[in-house]
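Worksheet: one structure, shown below.
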Protein chains: 2
Amino acid sequence: MASLFLSTFVNKVDRKGRVSVPAPFRLTLAGQSFNGIIAYRSFKLPALEAGGIDRMEEMSDRIDQLPEFSEDRDALSSILADAETLAFDGEGRIVLPETLCQHAGITETAAFVGRGRTFQVWEPQRFQAHQQEMRERARRQGTTLPARSAGPAAEAPR
Amino acid sequence: MASLFLSTFVNKVDRKGRVSVPAPFRLTLAGQSFNGIIAYRSFKLPALEAGGIDRMEEMSDRIDQLPEFSEDRDALSSILADAETLAFDGEGRIVLPETLCQHAGITETAAFVGRGRTFQVWEPQRFQAHQQEMRERARRQGTTLPARSAGPAAEAPR
DNA sequence: CCATAAAATCCCATGCTATCCCATCTTATC
DNA sequence: GATAAGATGGGATAGCATGGGATTTTATGG
């Protein structure tokens with residue numbers, strides 16, 4: 001199956017702070033050791049970074065390999081401190097904690113944004129603006145992927 | 001061998017937004033981990049870029065290699081956020097979501113345009129106009145293909 | 001240590017929509 | 001002109017997002 005988080009889904013946040021994680025995302029997460037997601041506040045964006053527990057374990061390992069008292073290590077470790085483990089209820093929903101909602105400006109609805117091996121959670125309006133900006137940039141700069149074998153890129157030139 | 005998407009096929013879009021993916025294209029996609037296609041809005045053209053899931057996984061992996069918080073990464077990830085996973089039904093059809101149809105101006109019919117490792121989906125009229133323009137340009141400028149030795153098959157010349 | 005309130009979790013009910021399934025029609029092939 | 005593969009249409013169905021109430025857990029004060 002598609003092991004990637006793709007596409008964008010907007011779901012409602014109910015009075016209790018619950019949101020359905022999109023079914024396709026839950027499918028991508030299926031079989032992991034923790035039945036839910038991990039989310040933390042993005043450093044540079046008004047959004048949440050999220051993924052499965054395996055991804056977080058991998059990140060922890062990477063941090064562990066940094067020099068014991070380096071700045072990078074401290075900075076990245078703060079992610080671990082910030083990260084919330086959000087378990088699914090019987091219907092595949094999670095509860096978004098206040099702190100996370102505030103950081104992302106989420107109130108009524110939440111946009112789940114696929115990013116391949118991870119995903120983000122946005123306030124839908126903000127995401128749309130951001131997305132548009134990114135598309136502009138990509139179009140203008142003709143940003144390219146790091147070369148690998150034969151890679152006809154995403155976009156053919158005109 | 002049918003590993004390439006070749007030729008152009010025009011199919012009807014029914015009331016529910018369904019279109020048959022041309023049988024030859026389905027054959028090219030056969031055996032992939034996801035039974036369907038991935039499609040996203042072209043940056044530069046009023047058309048959809050499409051391909052199989054393997055292609056998207058490869059793209060995701062390459063993006064994953066970019067610095068964690070870089071601008072380029074954000075820009076390219078917007079493709080992943082935009083990409084829709086469109087599964088085949090029992091008859092080999094997909095449903096084209098509204099957003100994609102709007103971007104490409106698709107209403108009644110859709111043209112599936114082979115591009116080798118990927119394909120595009122166009123509103124037929126628009127494609128014809130575009131195609132003509134491209135051919136004109138090629139004739140005027142005497143466009144040539146890069147020599148075989150030069151790099152992997154690549155990008156079409158401008 | 002117990003009692004009570006608050007909050008988080010579980011459980012069931014509902015409406016909508018995407019998907020499945022079958023039936024029909026068209027086109028290419030022999 | 002007969003047959004098979006592909007394209008198209010539409011009704012039925014199951015899955016999903018959502019909402020509300022019931023129950024358990026946690027916090028707080030006596």
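Just so it is clear: chains get the letters A, B, ... in the order the sequence lines come, proteins before strands, and each one is counted from 1. What you see below is based on every heavy atom in this structure, not just the backbone, and it leaves out hydrogens, waters and symmetry mates.
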When you measure from the side chain of [X], which nucleotide among [options] comes out closest?
X: B:Lys16; options: D:dT8, D:dA12, D:dG9; result: D:dA12
X: A:Ala23; options: D:dA17, D:dG19, D:dA7; result: D:dA17
X: A:Ser20; options: D:dA7, D:dT18, D:dC16; result: D:dT18
X: B:Lys12; options: D:dA17, D:dG9, D:dA7; result: D:dG9

Next on the checklist: On the side chain of B:Arg26, is there an atom forming a donor-acceptor pair with the base of D:dG6 - under 3.5 Å, no angle test?
Outcome noted: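 Under the 3.5 Å cut-off, the side chain and the base do not form any donor-acceptor pair.
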
Tell me the interatomic distance from [X], atom [atom1], to [N], atom [atom2], rounded to whole angstroms.
X: A:Glu84; N: C:dA8; atom1: CD; atom2: C1'; value: 14 Å
X: B:Leu96; N: D:dA7; atom1: CG; atom2: P; value: 15 Å
X: B:Phe9; N: C:dA28; atom1: CZ; atom2: P; value: 11 Å
X: B:Leu86; N: C:dT17; atom1: CG; atom2: C1'; value: 16 Å
X: A:Phe25; N: D:dG15; atom1: CZ; atom2: P; value: 21 Å

Checklist entry - Is there a donor-acceptor contact under 3.5 Å linking the side chains of B:Gln128 and B:Gln132? => result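 Absent: no donor and acceptor within the cut-off.
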
Checklist entry - Do you know which two heavy atoms are closest between B:Ser77 and B:Ile63, and how far apart they sit? => result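 Distance-wise, the nearest heavy atoms are OG-CG2, 3.7 Å.
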
Checklist entry - What residues in residues 87-95 of chain B put a non-hydrogen atom under 4.0 Å from any atom of DNA chain D? => result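 Correct list: B:Glu91, B:Arg93.
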
Next on the checklist: Evaluate A:Glu49 against A:Arg55 for salt bridge (Lys or Arg N to Asp or Glu O under 4.0 Å), listing each step before the verdict.
Outcome noted: CA-CA 11 Å; A:Glu49 299 285 342; A:Arg55 179 84 181 181; over 6 Å; no

Checklist entry - Does A:Phe112 have its ring centroid less than 6.0 Å away from the ring centroid of A:Phe5? => result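 A:Phe112 vs A:Phe5: aromatic centres not under 6.0 Å.
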
Next on the checklist: Can you classify the ring geometry of B:Phe119 versus B:Phe25 as parallel (below 30°), tilted (30 to 60°) or perpendicular (above 60°)?
Outcome noted: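 It falls in the tilted class, 30° to 60°.
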
Checklist entry - Within the structure shown, what part of the strands sits under 4.0 Å from B:Arg18 by heavy-atom distance: base, sugar-phosphate, or nothing? => result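 Base, at least one base heavy atom under 4.0 Å.
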
